[in-house]
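For reference, the structure discussed in these notes is given below.
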Amino acid sequence: MLFVSCDQEKETPNFDVDQDYQPLEIGNFWIYEVDETIFFGENDSETDQFFYRDRVRTSFLNAENEMTYIVQRSKSPNRQNWVTELEYTLLFRDRSLLRTVNNTPIIPLVFPPTMGRIWNGKAYQAEGNDDFELVEAEPGVISGFEGVELVRVNQENLDDKITTRDIRYEIFGKGVGLLEKYDEVITYCSRNDCLGQELIDGGSKTHLKLVEYGKD
């Protein structure tokens with residue numbers, strides 16, 4: 001009886017840590033409006049607008065006996081015709097959320113979400129040391145979710161205006177999940193004739209905003 005009790009305890013996640021900032025159940029889905037710009041060089045870029053639909057497709061116990069959720073991401077130009085783009089995983093570990101996309105694990109959120117808290121968001125990456133910080137999110141930043149309790153995670157906020165601009169953040173809503181994700185990572189032209197002029201040499205900018213969520 002003792003061994004059975006221990007096994008059962010391992011298989012049951014502890015949800016008493018404000019994990020409702022990222023609800024995870026099979027069938028949960030989130031639809032995002034996406035603005036994306038790819039920079040190929042000076043005055044050379046492509047901008048696209050489309051939608052992502054992330055849906056928790058299934059779950060399983062991994063080798064560490066952790067409940068792991070598989071999220072299917074589909075892409076559409078019109079929210080009608082969806083094509084599967086990729087799958088990634090989400091799980092709770094040591095009072096943190098672990099997201100793995102394209103074999104790259106990241107810790108986008110920790111629990112409980114306390115303002116000012118700092119952690120290594122790349123703790124599970126071989127090269128990784130990247131401080132993420134929980135800060136207060138401005139209320140009403142996303143239309144339609146004005147009454148939702150929000151937390152914002154600043155992943156990077158760097159712009160030296162000479163070589164690099166790296167601005168990344170995510171906003172989570174209590175009872176909803178990820179509401180907004182912004183990634184802008186670009187390099188500036190560093191030749192002698194353009195140094196300090198903030199001419200973009202390459203990189204990308206991607207902005208996701210939640211427009212619908214639910215369960216099916």
Side-chain angles (χ1 to χ4, degrees), residues 21-24 27-57 69-90 97 99-104 106 108-109 121 130 132 135 137-148 150-159 161 164-189 197-216:
Y21 277 93
Q22 182 55 76
L24 289 178
N28 283 3
F29 70 87
W30 302 264
I31 297 177
Y32 300 94
E33 184 178 40
V34 184
D35 291 312
E36 182 179 72
T37 302
I38 307 296
F39 300 97
F40 302 101
E42 299 173 37
N43 302 314
D44 186 7
S45 65
E46 288 183 1
T47 298
D48 194 10
Q49 293 181 323
F50 51 90
F51 297 90
Y52 279 147
R53 185 178 190 267
D54 290 2
R55 181 181 181 275
V56 181
R57 182 176 64 81
Y69 297 86
I70 298 178
V71 181
Q72 182 183 58
R73 169 166 287 179
S74 302
K75 183 177 179 180
S76 171
N78 53 17
R79 295 174 64 175
Q80 295 180 1
N81 303 312
W82 297 95
V83 177
T84 299
E85 177 126 317
L86 56 82
E87 290 190 335
Y88 64 91
T89 62
L90 291 170
L97 176 68
R99 179 199 297 146
T100 302
V101 183
N102 294 326
N103 296 316
T104 303
I106 195 170
L109 190 60
D130 195 357
F132 290 5
V135 299
E138 297 180 10
V141 292
I142 304 177
S143 178
F145 298 94
E146 290 81 3
V148 176
L150 306 177
V151 293
R152 171 172 168 146
V153 179
N154 283 343
Q155 298 179 349
E156 190 60 75
N157 189 18
L158 169 67
D159 188 357
K161 301 186 183 299
T164 304
R165 178 177 172 88
D166 185 354
I167 298 177
R168 290 171 281 125
Y169 68 83
E170 298 186 7
I171 296 177
F172 294 84
K174 192 170 186 178
V176 179
L178 180 67
L179 270 76
E180 182 177 4
K181 180 176 175 61
Y182 185 86
D183 294 281
E184 183 178 5
V185 182
I186 61 176
T187 56
Y188 294 120
C189 177
Q197 298 181 27
E198 299 182 53
L199 296 178
I200 297 176
D201 190 47
S204 64
K205 179 171 64 175
T206 306
H207 193 186
L208 282 70
K209 277 193 172 184
L210 186 67
V211 293
E212 182 184 345
Y213 74 102
K215 187 174 182 179
D216 60 16

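Just so you know, these numbers come straight off a predicted model, no measurement behind them. Just so you know, these numbers use all the heavy atoms, side chains as well, and skip hydrogens, waters and symmetry mates.
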Margin query: Using a 6.0 Å cut-off, check whether atom CD of Glu138 has over 12 heavy atoms from anything other than its own residue.
Written below: no

Next item on the list: For Phe51 and Asn78, work out which heavy atoms get closest and say how close.
Entry: CD1-N, 4.2 Å

Margin query: Using the rule given for side-chain contact (heavy atoms from CB on, under 4.5 Å), can you reason through Arg99 versus Leu90, listing the C-alpha separation, both sets of side-chain angles and the distance that settles it, and then say yes or no?
Written below: CA-CA 5 Å; Arg99 179 199 297 146; Leu90 291 170; 3.5 Å; yes

Notebook entry, point to check: Where do Tyr188 and Asp201 come nearest, in terms of heavy atoms and distance?
Noted result: C-CB, 3.8 Å

Check: Is a salt bridge present between Asp54 and Lys181, judged by a nitrogen-to-oxygen distance below 4.0 Å?
Finding: no

Next item on the list: Could you grab the distance from atom CD of Glu170 to atom CG of Leu178, nearest 0.5 Å is fine?
Entry: 5.0 Å

Margin query: Does any part of the side chain of Leu150, heavy atoms only, come nearer than 4.5 Å to the side chain of Val148, both counted from C-beta?
Written below: yes

Check: Can you tell if the side chain of Phe39 reaches within under 4.5 Å of the side chain of Lys205, non-hydrogen atoms only?
Finding: yes

Checklist line | Distance-minimising heavy-atom pair for Ile167 and Leu158 | finding: CG1-O, 4.1 Å

Check: Which heavy atom in Ser76 sits nearest to a heavy atom in Trp82, and how many Å separate them?
Finding: CB-CE3, 3.4 Å

Check: Below 4.5 Å, heavy atoms only, C-beta onward: do Thr206 and Glu36 meet side chain to side chain?
Finding: yes

Next item on the list: Could you tell me the separation between the CG atom of Asp166 and the CG atom of Asp183, rounded to the nearest 0.5 Å?
Entry: 8.5 Å

Next item on the list: Output the distance between atom CG (Asn154) and atom CD1 (Ile171), rounded to the nearest 0.5 Å.
Entry: 9.0 Å

Notebook entry, point to check: Do Leu97 and Tyr21 come within less than 4.5 Å of each other through their side chains, counting heavy atoms only?
Noted result: no

Check: How far apart are the C-alpha atoms of Val101 and Arg73, what are their side-chain angles, what is the distance that settles it, and do they pass the side-chain contact (heavy atoms from CB on, under 4.5 Å) test?
Finding: CA-CA 11 Å; Val101 183; Arg73 169 166 287 179; over 6 Å; no

Margin query: Can you confirm whether or not the ring centre of Tyr32 sits under 6.0 Å from the ring centre of Tyr52?
Written below: no

Next item on the list: Just do the side chain to side chain donor-acceptor pair (under 3.5 Å) check on Tyr169 and Glu180 with the steps written out, would you?
Entry: CA-CA 8 Å; Tyr169 68 83; Glu180 182 177 4; 2.9 Å; yes

Margin query: What verdict does the side chain to side chain donor-acceptor pair (under 3.5 Å) test give for Tyr182 and Glu184, after you've listed the backbone C-alpha separation in whole Å, the side-chain angles of each residue and the deciding distance to 0.1 Å?
Written below: CA-CA 7 Å; Tyr182 185 86; Glu184 183 178 5; 2.6 Å; yes

Note to self: Apply side chain to side chain donor-acceptor pair (under 3.5 Å) to residues His207 and Glu33 and explain how you reach the verdict.
What the structure shows: CA-CA 8 Å; His207 193 186; Glu33 184 178 40; over 6 Å; no

Checklist line | Validation row: Arg55, Asp216 side chains within 4.5 angstrom (heavy atoms) | finding: yes

Note to self: Would you compute the distance between atom CZ of Phe50 and atom CG of Asp35 and round it to the nearest 0.5 angstrom?
What the structure shows: 8.5 Å

Next item on the list: Could you pull out the closest heavy-atom pair between Ile106 and Gln155, with the gap in Å?
Entry: CD1-NE2, 4.5 Å

Check: Are any of the side-chain heavy atoms of Leu109 and Val151 separated by less than 4.5 Å?
Finding: yes

Margin query: Tell me whether Asn102 contacts the main-chain N or O of Thr104 through its side chain, where contact means a donor paired with an acceptor under 3.5 Å.
Written below: no

Next item on the list: Mind listing the closest non-hydrogen atom pair of Ser45 and Thr37 along with its distance?
Entry: CB-CG2, 4.1 Å

Checklist line | Flag side-chain contact, heavy atom, 4.5 Å: Glu156 against Val185 | finding: no

